[in-house]
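Notes follow the structure.
Everything numeric here is computed off the predicted structure, so don't read it as measured data. Counting convention: from 1, in listed order, for ligands and their atoms alike.
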Amino acid sequence: MAAIKEEILRLKEEIPEGVTLVAVSKFHPAGAIMEAYEAGQRCFGESRVQELLEKIPQLPDDIRWHFIGHLQTNKVKSLIGKTALIESVDSVRLLELIDKESEKAGIITRVLLQVHVAREETKFGFLPSELLDYFRSRQFESLRATHICGIMGMATNTDDEERVRGDFHEIYSIYSSIRDDVSLGLRGFDTVSMGMSGDWKIAVEEGSDMIRIGTRIFGERQY
Ligand SMILES: *Cc1c(COP(=O)(O)O)cnc(C)c1O
């Protein structure tokens, strides 16, 4: 367990200033999260609604929970109000549902839109063209209780470093083209979440300002 604290402290030394560390605690028990908390970590990522809802009451309230998994529409209502950021909004339908439930609850939900660039199996997310269309068509203007803070993406799961770098470069360029388009009038669109245990250094070199690290901190997950 001491290893968790050490990993957190080591990562904090390695990560450049301005990059947020999300400690991905999915499949790890509350005790492991507490170890990281005691090392000063406050931001944690979970990928299943049920697991997150079970952990929240067992842990300190100043934890900022990020939801990073595929969110089923029937779970949206129970998640609203529990997160600092939902990083994995992967469709317009889901976004609009989050907005509707947030408005009903009288709160603003902060989200990232997940973009899919990795050339592999079934990864969730908007295609780059869908994402750009969503902004160009100005559909986001109808949102009343949702704040789109930026983009989240994953690189292809491969040892080919150039492929990984290329994926991150693509995610960053989609992000910056939206952020820098002044005609959109977006405010607070300032986060690009990319990079995991195996590829975060490349992600940071390619412009990431939020990294999501699980295995390196907590060890292998037992599914
Ligand atoms: C599980 C997960 C991570 C963490 O991956 P590690 O390789 O364990 O660091 C990061 N992002 C997302 C979206 C995840 O589902």
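- S193 places no side-chain N or O within 3.5 Å of a backbone atom of M152 that could act as its donor or acceptor partner.
- Every atom of ligand 1 with a heavy atom of I213 under 4.0 Å away is listed here by number and element: 9 (O).
- By the 6.0 Å contact criterion, NE2 on H147 is enclosed, its count of non-hydrogen atoms from other residues, nucleotides or ligands being greater than 12.
- Ranking protein heavy atoms by distance to atom 9 (O) of ligand 1, first place goes to S197 OG, 2.5 Å.
- Remark: ligand 1 atoms within the under-4.0 Å shell around heavy atoms of M154 are 13 (C).
- Close to ligand 1: R221, with a non-hydrogen atom less than 4.0 angstrom away.
- Nearest to atom 5 (O) of ligand 1 among the protein's heavy atoms is M196 CE, 3.6 Å.
- Using modelled atom types, one side-chain atom of T158 and one backbone atom of D160 make a donor-acceptor pair closer than 3.5 Å.
- By the 3.5 Å distance cut-off applied to N or O atoms, G198 is not counted among the residues near ligand 1.
- The nearest heavy-atom contact from the protein to atom 12 (C) of ligand 1 is I68 CD1, 3.6 Å.
- Under a cut-off of 6.0 angstrom, the local environment of CG in D180 is crowded, with over 12 non-hydrogen atoms contributed by other residues, nucleotides or ligands.
- Under the 30°/60° scheme for interplanar angles, the aromatic rings of F189 and Y175 are found to lie parallel.
- When hydrogens are left out, the protein atom nearest atom 2 (C) of ligand 1 is K26 NZ, 2.6 Å; that is the closest non-hydrogen contact.
- Relative to the ring axis of F44, R64 does not place its NZ or CZ within 45° and under 6.0 Å from the centre.
- A salt bridge does not link E205 with K201: none of the charged nitrogens is closer than 4.0 Å to a carboxylate oxygen.
- The shortest contact between atom 11 (N) of ligand 1 and any protein heavy atom is with R212 NE, 2.8 Å.
- The cationic group of R48 lies under 6.0 Å from the six-membered ring centre of F27 and within 45° of the ring axis, placing it in a cation-pi geometry.
- Heavy atoms of S47 found under 4.0 angstrom from ligand 1: none, in either backbone or side chain.
- Polar contact with ligand 1: absent for R216 (N/O pair, distance under 3.5 Å).
- The N/O atoms of T215, backbone and side chain alike, include one that comes under 3.5 Å of an N/O atom in ligand 1.
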